[in-house]
Amino acid sequence: MGYSKEYFAQKLGEQFPEFHGAYEEHLKYYEELLGHVFFGGETLLGVLESLLKTNEEKEKIRRYVDFVEDMYANGDDGVQNIVEVTILECLGDDEIVLRTAFTYFSEELMLAAQSIERSWGRRDIKIWHRGGRPMYDWAWPPERTDA
């Protein structure tokens with residue numbers, strides 16, 4: 001059994017000063033924690049996506065990706081769904097953003113993103129190992145076989 005979305009919402013504000021108070025503001029506005037709304041938009045997803053577009057603040061990106069990794073590895077089913085649906089699916093909307101994200105992802109997040117991209121039919125990401133490290137590549141867009 002993993003940690004809840006409430007746990008990670010509070011932890012986000014503790015680890016990232018820019019989000020201090022965001023959880024309380026969200027609760028005040030929505031009267032409950034809407035995980036996909038809270039972690040998407042202007043908080044975690046918005047900042048991470050913006051950082052990945054330029055790939056200039058590598059240490060900051062690493063901290064955000066580590067947070068997402070923690071959510072996916074240690075969150076309950078609802079938290080893992082937030083990572084898959086709100087974060088990974090949205091990062092996959094932009095080829096450059098996703099390619100940059102893959103340079104920071106663990107193999108576990110790579111495999112999750114691979115599954116999502118395949119299910120959406122957006123790209124076929126190949127993942128293999130070389131020298132004990134996960135390697136990856138994909139075609140953009142996937143080749144059509146029904147033509």
Side-chain angles (χ1 to χ4, degrees), residues 1-138 140 142:
M1 184 168 237
Y3 292 105
S4 68
K5 63 186 177 186
E6 290 81 9
Y7 169 83
F8 284 105
Q10 291 174 355
K11 188 174 179 181
L12 184 71
E14 293 167 5
Q15 282 192 257
F16 301 95
E18 59 268 38
F19 299 124
H20 182 73
Y23 178 51
E24 290 78 17
E25 289 175 26
H26 180 89
L27 290 178
K28 186 176 180 180
Y29 186 79
Y30 292 103
E31 300 179 358
E32 66 179 308
L33 178 60
L34 305 175
H36 293 279
V37 174
F38 179 78
F39 291 103
E42 301 300 314
T43 62
L44 182 58
L45 173 64
V47 172
L48 180 57
E49 192 171 30
S50 177
L51 289 167
L52 288 168
K53 283 181 181 180
T54 62
N55 198 26
E56 292 175 358
E57 298 180 68
K58 294 179 185 330
E59 289 180 29
K60 197 170 189 179
I61 294 169
R62 173 83 277 151
R63 287 182 55 231
Y64 278 102
V65 170
D66 286 349
F67 189 87
V68 173
E69 296 274 1
D70 186 25
M71 289 177 68
Y72 196 67
N74 298 306
D76 61 19
D77 290 345
V79 171
Q80 290 178 347
N81 183 264
I82 290 166
V83 171
E84 293 169 348
V85 174
T86 297
I87 298 173
L88 296 179
E89 280 187 17
C90 290
L91 293 179
D93 288 343
D94 184 315
E95 176 187 14
I96 293 169
V97 168
L98 188 61
R99 283 186 184 269
T100 303
F102 258 63
T103 66
Y104 295 90
F105 282 177
S106 68
E107 184 174 3
E108 186 176 19
L109 270 189
M110 285 180 188
L111 291 169
Q114 175 191 47
S115 176
I116 289 163
E117 293 304 305
R118 187 174 291 142
S119 71
W120 275 94
R122 294 197 285 203
R123 48 188 81 79
D124 184 22
I125 302 171
K126 309 271 192 267
I127 298 174
W128 70 96
H129 291 87
R130 181 181 298 151
R133 289 186 50 212
M135 307 297 288
Y136 57 89
D137 197 9
W138 63 74
W140 174 275

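For R118, the side-chain contact (heavy atoms from CB on, under 4.5 Å) partners are Q114, D124, not counting sequence neighbours. Under the salt bridge (Lys or Arg N to Asp or Glu O under 4.0 Å) criterion, R63 pairs with no residue at all, not counting sequence neighbours. Partners of K53 under the side-chain contact (heavy atoms from CB on, under 4.5 Å) rule, at least two apart in sequence or in another chain, are E49, D94, V97. Among residues two or more places apart in sequence or in another chain, the side-chain hydrogen bond (donor to acceptor under 3.5 Å, both in side chains) test is passed with E107 by H129.
How far CD of E14 is from CZ of F8: 11.5 Å, rounded to the nearest 0.5 Å.
In this structure, the side chains of L12 and F38 come closer than 4.5 Å at one or more pairs of heavy atoms. The shortest distance between side-chain heavy atoms of I96 and L52 does not fall below 4.5 Å.
Outside the 6.0 Å centre-distance limit, the rings of Y104 and Y64 are not counted as a close aromatic pair. For F102 and F105, the ring centers sit closer than 6.0 Å to each other.
Pairs passing the side-chain hydrogen bond (donor to acceptor under 3.5 Å, both in side chains) check and including a residue from residues 67-85, sequence neighbours excluded, read K11-D70, H36-N81, E69-S106, D70-N74, Y72-E84. The side-chain hydrogen bond (donor to acceptor under 3.5 Å, both in side chains) analysis of residues 19-28, with sequence neighbours excluded, yields no pairs.
In terms of modelled atom types and a separation under 3.5 Å, the side chain of S119 and the main chain of I116 share a donor-acceptor contact. Side chain of T86 to backbone of V83: no donor-acceptor contact under 3.5 angstrom is found.
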**Message:** Quick one, M71 with Y3, criterion side-chain contact (heavy atoms from CB on, under 4.5 Å). Give me CA distance, side-chain angles, the key distance, then yes/no.
**Reply:** CA-CA 8 Å; M71 289 177 68; Y3 292 105; over 6 Å; no
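For the pair L98 and G92, the tightest heavy-atom approach, listed with the atom from each and the gap, is CD2-CA, 4.0 Å.
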